[in-house]
Amino acid sequence: MQGSGRVILAEGGACSELRSEAFGLIIFGASGDLTHRKLIPALFSLYRRRLLHDSFFVLGCARSLMSDEVFRTKVRESLTSLPDGDFSCLDGFLARLHYVAGDYTVADLYPRLRVAVEGLEQRYGTESNRIVYLATPPSLFCPIVQRLGTFQLTCEKRHPDCRVSVVVEKPFGKDLTSALALDAELHQLLNERQIYRIDHYLGKETVQNILMFRFANAVFEPIWSRQYVDHVQVTVAESLGVESRAGYFEQAGLLRDMFQNHILQVLALVTMEAPVSFEAERVRDEKVKLLRAIRAFPMANLDEYIVRGQYSDGQIEGRRLPAYRSEQGVAPDSSVETYVAAKVLIDNWRWHGVPFYLRSGKRLVGKATEIAIVFKKVPYSIFTPFSADALGQNVLVLNIHPEEAVALTIQVKSPGPKLCMSSLMMEFRYRDVFGVTPPDAYERLILDCIAGDQTLFIRSDAMEVAWTLFTPILEKWSADPSCIPYSAGSWGPAEANRILEPGHYWRTPSSYSES
Ligand code: BG6
């Protein structure tokens, strides 16, 4: 039986949210999906919550020919189609949007862009904080940055205390070699301090809460180790398939799409040592130290550590769904994985011997993202005839989706006879306690970028370690294109059980939603 506890928000608390600095944001890929679905809604939400400085502008850049007015109309349409309905300040927001059309690979764009940027910076008084957002395919990252460099658009010397930041979307490379090559090219033009490699999972409130939870409370850290933790499960399940992104997904596959970035970053936050301060470099030092402690996957018996699957046709919520290979844009004999489950071991004093089970897949039963810390059984049961094995284990779940929540399962005496026991879940949901839905991850990340704070962005060395870990697997898989089929609407292939150690079982996430 499960129940849920009630949480009362204690008085007080500390909050350091400030309005942003002045800034000018130049978006390459301004007519694309990411801009309209994520970036502009996040900016508008920040504007509406009065978290943006009065001095800011957004300059969209893309190939489509359009005026500022047409760009604003398109943004108006995309924003007003969103469910969130307060548009009273929309006109004020739209007035700060501007647009320049051009082909990114043709030099002629950049002098025009420079005139536009410098004019807007003077007009809005944002000369000291320029942000360039590359919401484009990765093949364009370097060509754009090179030309920005040639036309002095990345130069920080033109104004005292001037900062120019470049935000790079994923995928950052497709394997270790290509990622290092991309990084080397960017470093010829920019300092690491200027590069913001984005991973939107790091902007999610519950993901950020991992560090608060661990290092702002004295009670969890002492039990956060091999002495008390039996194993950990990180699940990122989605009911969506590849939707309109088959072209990208056929090149990427799930290991690149979810593991190399999101899941590994979450794992690092759960397992890293306490940084000496909450400053970007110190947090990122600890993260990369942890990533370096992850044991390389053994290539000789890889199947005991990682399982890949691909969805066949099936049913979710009564809806019949096609197999991955029948999706539009997918090769009929594609061997691209849409599901991965892996067992990861960390070779350090804190975690030696504790298995971390990570899994993610498309077209699973529902959308659920959770980190479950499963604690060891009690060493001995005094509650005869119940043995220690019969008593449930404590599980701490950090829930990211569908609800941003934290839940702890404990065993309690339930009313009735002397030996009547149940598992009870103490849960706190952000929405219930704080009365708001947590802001979208992009809001946090944009604010941090405006403030020049790289804590939640991936540093070059962490990116390199992540690719070092997964590239041998990708190479092995490309030479052996066999993928285990699983039905759409299931929890993935049953073969995922083979990586579990004796006595371990995949959890059904505490909650999941349809989308
Ligand atoms: C993206 C992946 O980075 O993350 C997608 O490319 C995936 O394939 C998405 O669906 C999941 O993000 P979220 O925030 O919906 O869990």
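Side chain to side chain, Asp183 and Ser460 meet the donor-acceptor criterion of an N or O pair below 3.5 Å. A donor-acceptor contact closer than 3.5 angstrom is absent between the side chains of Glu370 and Thr235. Side chain to side chain, Thr206 and Asn209 fail the donor-acceptor criterion of an N or O pair below 3.5 Å. Side-chain atoms of Ser45 and Glu443 include a donor-acceptor pair closer than 3.5 Å. A donor and an acceptor atom, one from each side chain of Glu495 and Tyr486, are nowhere located under 3.5 Å apart. Side-chain polar atoms of Ser490 and Tyr311 form no donor-acceptor pair below 3.5 angstrom.
Classification of the Phe220-Trp224 ring pair by plane angle, with boundaries at 30° and 60°, yields perpendicular.
Lys287 NZ to Leu211 CG: the interatomic distance, rounded to the nearest 0.5 Å, is 8.5 Å. Taken from CD in Glu404 to CZ in Phe428, the straight-line distance is 9.5 Å, to the nearest 0.5 Å. In this structure, the separation between CG on Leu202 and CD on Gln208 is 8.5 Å, given to the nearest 0.5 Å. With rounding to the nearest 0.5 Å, the separation of CZ in Arg48 from CG in Leu79 is 8.5 Å. Going from atom OG of Ser360 over to atom CG of Leu255 covers 10.0 Å, rounded to the nearest 0.5 Å. Here the OG atom belonging to Ser128 is positioned 7.5 Å from the CG atom belonging to Asp161, to the nearest 0.5 angstrom.
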Could you go step by step and tell me if Arg256 and Glu337 meet the salt bridge (Lys or Arg N to Asp or Glu O under 4.0 Å) rule? CA-CA 10 Å; Arg256 287 189 182 92; Glu337 77 285 357; 6.0 Å; no
Might you work through the ring pair (Phe, Tyr, Trp, His ring centres under 6.0 Å) test for Tyr228 and Phe375, ending with a clear yes or no? CA-CA 6 Å; Tyr228 294 94; Phe375 290 92; 7.8 Å; no
Step by step, would you call Val229 with Trp351 a side chain to side chain contact (heavy atoms under 4.5 Å, CB included)? CA-CA 9 Å; Val229 175; Trp351 295 118; 4.0 Å; yes
Just do the side chain to side chain donor-acceptor pair (under 3.5 Å) check on Ser423 and Gln411 with the steps written out, would you? CA-CA 5 Å; Ser423 280; Gln411 316 310 318; 2.8 Å; yes
What's the verdict on side chain to side chain contact (heavy atoms under 4.5 Å, CB included) for Val232 and Val374, showing C-alpha distance, side-chain angles and the deciding distance? CA-CA 6 Å; Val232 174; Val374 182; over 6 Å; no
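Other residues, nucleotides and ligands contribute more than 12 heavy atoms inside 6.0 Å of the NZ atom of Lys376. Heavy-atom contacts from other residues, nucleotides or ligands closer than 6.0 Å to CZ of Phe87 number more than 12. Within a 6.0 Å radius of CG in Asn217, other residues, nucleotides and ligands contribute more than 12 heavy atoms. Within a 6.0 Å sphere centred on NE2 of His187, heavy atoms belonging to other residues, nucleotides or ligands number more than 12. Around the CE atom of Met299, the shell of radius 6.0 Å holds more than 12 heavy atoms that belong to other residues, nucleotides or ligands.
Residue pairs meeting the side chain to side chain donor-acceptor pair (under 3.5 Å) criterion with at least one partner in residues 388-400, sequence neighbours excluded, are Lys377-Asp389. Residue pairs satisfying the salt bridge (Lys or Arg N to Asp or Glu O under 4.0 Å) criterion with at least one member in residues 393-402, sequence neighbours excluded, are absent.
Under the side-chain contact (heavy atoms from CB on, under 4.5 Å) criterion, Ser277 pairs with Glu279, Arg282, not counting sequence neighbours. Among residues two or more places apart in sequence or in another chain, the ring pair (Phe, Tyr, Trp, His ring centres under 6.0 Å) test is passed with Phe259 by none. When the side-chain contact (heavy atoms from CB on, under 4.5 Å) test is applied to Ser78, the partners found at least two apart in sequence or on another chain are His36. Under the ring pair (Phe, Tyr, Trp, His ring centres under 6.0 Å) criterion, His504 pairs with His231, Tyr357, sequence neighbours left out. Partners of Tyr201 by ring pair (Phe, Tyr, Trp, His ring centres under 6.0 Å), not counting sequence neighbours, listed by chain and number: His262. For Ile499, the side-chain contact (heavy atoms from CB on, under 4.5 Å) partners are Val307, Ala341, Lys343, Trp506, not counting sequence neighbours. With sequence neighbours excluded, the residues that form a side-chain contact (heavy atoms from CB on, under 4.5 Å) with Arg431 are Glu403, Arg429, Thr437. In this structure Trp491 satisfies the ring pair (Phe, Tyr, Trp, His ring centres under 6.0 Å) test together with Tyr512, sequence neighbours excluded. Partners of Asp303 by side chain to side chain donor-acceptor pair (under 3.5 Å), not counting sequence neighbours: none found.
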Tabulate below the donor-acceptor pairs under 3.5 Å that side-chain atoms of residues 447-459 make, not counting sequence neighbours, or state none.
| residue | atom | partner | partner atom | Å |
| --- | --- | --- | --- | --- |
| Asp448 | OD1 | Arg444 | NE | 3.2 |
| Asp448 | OD1 | Arg444 | NH2 | 3.0 |
| Asp453 | OD1 | Thr455 | N | 2.9 |
| Asp453 | OD1 | Thr455 | OG1 | 2.5 |
| Gln454 | OE1 | Arg284 | NH2 | 3.3 |
| Gln454 | NE2 | Glu192 | O | 3.1 |
| Gln454 | NE2 | Arg193 | O | 3.1 |
| Gln454 | NE2 | Ile195 | O | 2.9 |
| Arg459 | NE | Asp461 | OD1 | 3.0 |
| Arg459 | NE | Asp461 | OD2 | 3.3 |
| Arg459 | NH1 | Glu281 | OE1 | 2.6 |
| Arg459 | NH1 | Asp285 | OD1 | 2.9 |
| Arg459 | NH2 | Asp285 | OD1 | 2.9 |
| Arg459 | NH2 | Asp461 | OD2 | 3.0 |

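Between Phe172 and Trp467, the ring centre distance reaches or exceeds 6.0 Å. Here the two rings, on Phe44 and Phe93, have centers that are under 6.0 Å apart. Between Phe215 and Phe213, the gap from one ring centroid to the other reaches at least 6.0 Å.
Smallest separation of non-hydrogen atoms from Ala488 and Ile316: C-CG1, 4.4 Å.
Counting only distance, with no hydrogens or angles, the side chain of Arg214 and the backbone of Leu269 share a donor-acceptor pair below 3.5 Å.
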